[in-house]
Amino acid sequence: MRLLPSLLVAGIGASAFVLAEQQPLGGAHVEAVNTHAPSTPSYRDDLLALHKGLIETSSQSGAEGNVGDWLIDYLHRRQYKTFKQQVATRDNTGKNGRFNVIAWIDGGEDDEGDNGDGDDTLAALTVHPLPPVLITSHIDVVPPHIPYSIDDDTPTDSTVIHGRGSVDAKGSVAAQITALEELRAQDVVGAGDVLLVYVVGEEDSGDGMKAFSELFHSYFPTWFTAAIFGEPTDNKLACGHKGILGCTVSATGKAGHSGYPWLGKSANDALVRGLVALIDADLGSSAIFGNTTVNLGLISGGVAANVIPAAAEAKMAVRVALGPQATGHDEVRSRMEAALASVDKDLTLSCSQGYGVVECDCSVEGFANITVNYGTDVPNLAGDHTRYLYGPGDILVAHGDKEALTVASLEKAVVDFQKLIKHALKRD
Ligand SMILES: *[C@@H]1O[C@H](CO)[C@@H](O)[C@H](O)[C@H]1NC(C)=O
Ligand SMILES: *[C@@H]1O[C@H](CO)[C@@H](O)[C@H](O)[C@H]1NC(C)=O
């Protein structure tokens with residue numbers, strides 16, 4: 001889940017996204033005898049080991065290569081074929097490259113193009129038509145790093161697991177893969193049914209999912225019927241999330257001596273009045289998504305207390321409650337322009353490209369539903385597929401210093417992802 005999508009980065013200051021080094025700690029896979037109580041699912045140890053390995057391997061946005069390699073190794077050991085889709089490296093990182101992990105169940109087709117180190121070719125996938133169902137989440141996390149820890153040596157349902165990414169979104173990644181392994185073991189799902197895609201860059205620019213969308217639309221004549229996105233939804237099925245618009249309001253004035261305000265024009269005064277008008281304006285609401293909200297994140301103006309300010313500006317993140325996805329944000333921008341124009345002609349609004357509300361299918365038997373206020377990769381995957389958004393963990397702890405979830409939440413997600421995969425494949 002992303003609090004500030006990339007389209008805001010330029011406007012709000014890329015320096016907010018500090019990339020720090022982390023130590024990769026390899027992830028030994030522990031095959032333990034199941035000594036738990038009868039209610040304990042047989043996959044608990046595997047699930048927790050996968051979750052732990054993902055969290056312990058560094059992957060802040062922009063530097064996801066280590067966790068990509070870790071995940072590919074994990075999937076190879078379970079008879080998946082994988083393809084590394086390289087995604088452009090940013091200036092301040094780049095030691096290990098960064099790539100989306102694309103994986104599919106090995107159907108035993110010939111191994112042409114498989115060099116055994118995570119570089120199967122897409123041609124190997126096209127032996128079959130594109131699988132109908134996409135299962136996806138992201139492997140990048142926000143800074144700062146928070147080490148993995150688990151509260152009990154012998155975990156129970158209520159045991160809490162802490163660490164950066166434990167919720168957002170490595171909990172989803174671990175639960176999705178475990179759910180798929182369960183369905184494979186039951187022979188409900190096999191080769192050709194699903195494609196796994198674990199993207200980079202979701203937490204800032206969405207560049208991973210955009211690159212995947214572009215590549216696959218150019219490569220395959222058909223498209224997925226459904227896509228299951230893993231993000232923390234508190235184990236509920238999301239009906240959708242708000243749209244986003246990143247905007248800057250600029251005020252221009254005329255400098256002068258503060259003792260003679262009538263000889264100049266205060267950009268700060270104009271900006272303050274304009275912002276009050278914006279806060280009070282009706283920027284649109286809907287029954288499902290509530291009100292459009294404005295976060296005035298950064299305000300600056302003027303040069304000194306005794307100089308009439310000639311320039312001022314404010315940067316804001318607007319959470320759009322109007323649809324449709326393609327144009328809902330345009331209506332919000334028009335309302336913002338009208339509110340500012342009613343106050344002062346020297347106020348200008350400039351906004352990044354955004355999107356209106358993003359709707360997902362939340363009417364699946366057996367699921368409670370929820371709507372969320374954060375951004376996701378859902379709008380970055382073009383296509384007319386049915387969209388599902390679900391994952392373990394509480395959205396409210398996701399980017400905080402207490403990011404954590406319970407074993408029960410992870411395990412409920414394994415059960416629910418199995419339901420969703422079967423539902424999407426029409427096998428329920
Ligand atoms: C939406 O805004 C209206 C008008 O300001 C307010 O009365 C209402 O409580 C708000 N709704 C929510 C869900 O915040
Ligand atoms: C969401 O859940 C509420 C409460 O259970 C229910 O009334 C509503 O129909 C659900 N929405 C959808 C789209 O399934």
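Indexing begins at 1, ligand by ligand and atom by atom, following the structure's order. Hydrogens, waters and symmetry mates play no part in the numbers below; they use all other heavy atoms, side chains included.
Between Cys239 and Cys360, the two SG sulfurs stay at or beyond 2.5 Å from each other.
The heavy-atom pair separating Glu231 from Ser172 by the smallest distance is N-OG, 3.4 Å. Nearest heavy atoms, Tyr390 versus Leu420: CB-CD1, 3.8 Å.
Not a single protein heavy atom sits closer than 4.0 Å to atom 7 (O) of ligand 2. For atom 4 (C) of ligand 1, the protein comes within 4.0 Å by no heavy atom at all. Taking a distance limit of 4.0 Å, we find that atom 11 (N) of ligand 1 is approached by some protein heavy atom. For atom 14 (O) of ligand 1, the nearest protein heavy atom lies under 4.0 Å away.
Between atom 2 (O) of ligand 1 and the options Thr293, Asn291, Thr292, the minimum heavy-atom separation is to Asn291.
The Cys362 neighbourhood of ligand 2 comprises atoms 12 (C), 13 (C), 14 (O), with distances under 4.0 Å to a heavy atom of that residue.
No hydrogens or angles considered: a donor-acceptor pair under 3.5 Å links the side chains of Thr376 and His241.
Geometrically, Lys242 does not engage Phe289 in a cation-pi contact defined by less than 6.0 Å to the ring centre and at most 45° from the axis.
Residues Thr293 and Val318 form no side-chain contact, since every pair of their non-hydrogen atoms from C-beta on lies 4.5 Å or further apart.
At a 3.5 angstrom cut-off on N or O pairs, Asn369 counts as close to ligand 2.
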